[in-house]
2 protein chains.
Amino acid sequence: MTAAAPDLSFPRPLCSVDVAIFAAVDDRLQLLLVKRAETPGEPFPGQWALPGGFVDIDRDRDLEATARRKLAEKTGVRSPYLEQLGSWGDSRRDPRGWSATHAYFALIPAEGVTLSPGANAVDVGWFAVTGDGVKPKLAFDHGRIVAAAVQRLRGKVEYTSLPVHLLPAEFTLGELQRVYEIVLGRCLDKSAFRTRVLAADVIAPTGQWRGGANRPAQLYRAKDRDIVYFPRPFEPRKARASKTAR
Amino acid sequence: MTAAAPDLSFPRPLCSVDVAIFAAVDDRLQLLLVKRAETPGEPFPGQWALPGGFVDIDRDRDLEATARRKLAEKTGVRSPYLEQLGSWGDSRRDPRGWSATHAYFALIPAEGVTLSPGANAVDVGWFAVTGDGVKPKLAFDHGRIVAAAVQRLRGKVEYTSLPVHLLPAEFTLGELQRVYEIVLGRCLDKSAFRTRVLAADVIAPTGQWRGGANRPAQLYRAKDRDIVYFPRPFEPRKARASKTAR
DNA sequence: ACAATAGTGTCTATTAGACATTATCGA
DNA sequence: TCGATAATGTCTAATAGACACTATTGT
């Protein structure tokens, strides 16, 4: 005889995944957004939103797979830095009913990425991050999700090696410092920066050099794909009394 | 005329919330677990698990509400420190089908908490955290969720004021230091600890004193309910060469 | 007086930022 | 030689930990 299986027919929330994809494009921190189709009945038609969609329980083995699928659809990138950001679920964020979304955030190198809208979207584009968000008003509650993503990114950049994932495989220390400055929105001291990063043992010289109209720079490569934590955050000191007062 | 609403009838994952509830009980960091009922058809009958359950879209206005409901059911505590931990979703974690759970972690003062199994559970209890987890093998993938919760807690304790939430409203600096040591599993220097905590401006003296068989201690109260970040983590130095060599 | 814990003071190694200096390339 | 950027060195303020010392209660 078969035991009576408990009832699972109660209503379930909708279950989706959204991804906040960041890159350093044109010397600015930018976020990838997609424009929603104008299909009748679709919520927020024509509005910009994070790339995302419902979990497909036949195709996606887990939540991260859904996130990777969305990322690959829009950017073609297959091995980004991908981190879970959090989840947002309530009765009102989606007019179609109680819904919960699992948000991820990704960092990708801007170089060599070609955007494509994919299905469900009519347009894709990079949007400069200003303050805690982005210019256009976003669909759903994506505004607050983006704010959380930006805060998490900025916060972690203060004390981790995260920004290496915004660069291609090989890069110079100068370029690395530049991405840090782009994300943080402030300048860093070169000497202190180099000491920190090299002491953290996150990057290794490739032995190659990048030449230009100046002294060539050592090329480096990220050591681990993982994130490394600095012992302390960047802490700008008060400006010292300048000797050359002017 | 009505626009054709898009089809929402595709299968949805199950959606649940689980809560890792920590307290400092008997001078040890402990985790609250519930024993699952032996109801036929229920997965993992009789096994220990995190308190949790399906989102009830009629009762719960959002995910956090589900977490609070579970917490109150088991402990009666209504205003804990509650933080989202992450989400886990895949096709195999629940034998009943593709399921995603939203995990939270909570810190509560051990004092004055009375446990009750509530519905769906036949027993509740505190389990000492050892290493990254807890003795019994847990239901579902709760083992890895607990590991993530413990790591997050330990990590944050290094550089935040989190442990105040493991204490009752009023406490002495000695007691606060003790909870830090319980969670971190190592001793801290009294002087350094006091300087740090007081400089962080997270607690305020109440004006009251706690007496005993020794010099009375100033009572403090947490200033904000929120978490405060220390400028740097606790960093134990190498032991200095002892003058009294023996 | 003594045990026990609270609370303070001093010393020092370490560090990271500020800033100056040197190095190395192309034009 | 010059401009530009890379790489390194020096100085110093700040700090956190180690550890000793003092303070205040009950017994």
Side-chain angles (χ1 to χ4, degrees), chain A residues 27 158-161 170-181 184 186-201 203-220 229-246, chain B residues 27 158-161 170-181 184 186-201 203-220 229-246:
Chain A
D27 236 37
E158 294 279 357
Y159 60 96
T160 69
S161 63
E170 302 200 340
F171 51 86
T172 68
L173 269 175
E175 290 164 350
L176 183 58
Q177 183 175 347
R178 188 74 198 112
V179 254
Y180 270 88
E181 293 173 340
L184 290 175
R186 67 171 196 267
C187 288
L188 297 175
D189 180 81
K190 183 168 58 162
S191 177
F193 181 80
R194 301 170 78 91
T195 316
R196 273 176 84 80
V197 172
L198 293 178
D201 197 41
I203 59 177
T206 63
Q208 309 267 70
W209 303 79
R210 169 163 305 163
N214 45 28
R215 176 171 173 179
Q218 175 68 255
L219 280 173
Y220 290 86
Y229 291 80
F230 298 140
R232 308 185 189 177
F234 293 99
E235 35 186 332
R237 293 287 163 73
K238 297 90 201 158
R240 227 197 286 182
S242 176
K243 286 168 191 171
T244 56
R246 71 167 179 134
Chain B
D27 235 37
E158 294 279 357
Y159 60 95
T160 69
S161 64
E170 303 201 339
F171 51 86
T172 68
L173 269 175
E175 290 164 350
L176 183 58
Q177 182 174 348
R178 187 74 198 115
V179 252
Y180 270 87
E181 293 173 340
L184 289 175
R186 67 172 197 265
C187 289
L188 297 174
D189 180 82
K190 182 169 57 163
S191 177
F193 181 81
R194 300 169 79 91
T195 315
R196 274 176 84 81
V197 172
L198 293 178
D201 197 40
I203 59 176
T206 63
Q208 310 268 71
W209 303 79
R210 168 163 307 163
N214 46 24
R215 177 172 171 178
Q218 175 69 255
L219 280 174
Y220 290 86
Y229 291 80
F230 298 140
R232 310 183 188 178
F234 292 99
E235 34 186 335
R237 294 286 163 75
K238 297 90 201 160
R240 227 197 287 183
S242 177
K243 285 169 190 170
T244 57
R246 71 163 182 142

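Any value given below was found using the heavy atoms of this structure, including those in side chains, with hydrogens, waters and symmetry copies removed. Chain letters run A, B, ... following the sequence lines, proteins first and then strands; every chain starts at 1. Remember, it's a predicted structure, so these values are computed and weren't measured experimentally.
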[X]: partners by side chain to side chain donor-acceptor pair (under 3.5 Å), with sequence neighbours left out:
X: B/Arg178; result: B/Asp27, B/Glu181
X: A/Arg215; result: none
X: A/Asn214; result: none

side-chain N/O A/Arg215 vs C/dA23 OP1/OP2, d < 4.0 Å: no
From C/dA16, C/dT5, C/dG7, nucleotide with atom closest to B/Gln218 side chain: C/dG7
A/Asn214 side chain, from C-beta outward: closest of C/dC25, D/dA16, C/dA6: C/dC25
Straight-line distance of A/Thr172 OG1 to A/Gln177 CD, nearest 0.5 Å: 9.5 Å
Side chain to side chain contact (heavy atoms under 4.5 Å, CB included) partners of A/Thr195, counting only residues at least two apart: A/Ser191
Interatomic distance where CZ belongs to B/Arg178 and P belongs to C/dT5 [whole Å]: 12 Å
Atom pair distance, as rounded to whole Å: NZ in A/Lys190 and P in D/dG9: 13 Å
Contacts of B/Tyr220 that satisfy ring-ring contact (aromatic ring centres under 6.0 Å, His included) - sequence neighbours left out: none
A/Asp189 or A/Ala217, whichever maps to the more 5' nucleotide of DNA chain D: A/Ala217
Angle of first-five versus last-five pair axes in the helix from C/dA1-D/dT27 to C/dA27-D/dT1, to 10 degrees: 10°
Sugar-phosphate, base or nothing in reach of A/Ala213, heavy atoms under 4.0 Å: base
Given DNA chain C, 5'-ward residue of the pair A/Ala192 and B/Ser191, judged by closest heavy atom: B/Ser191
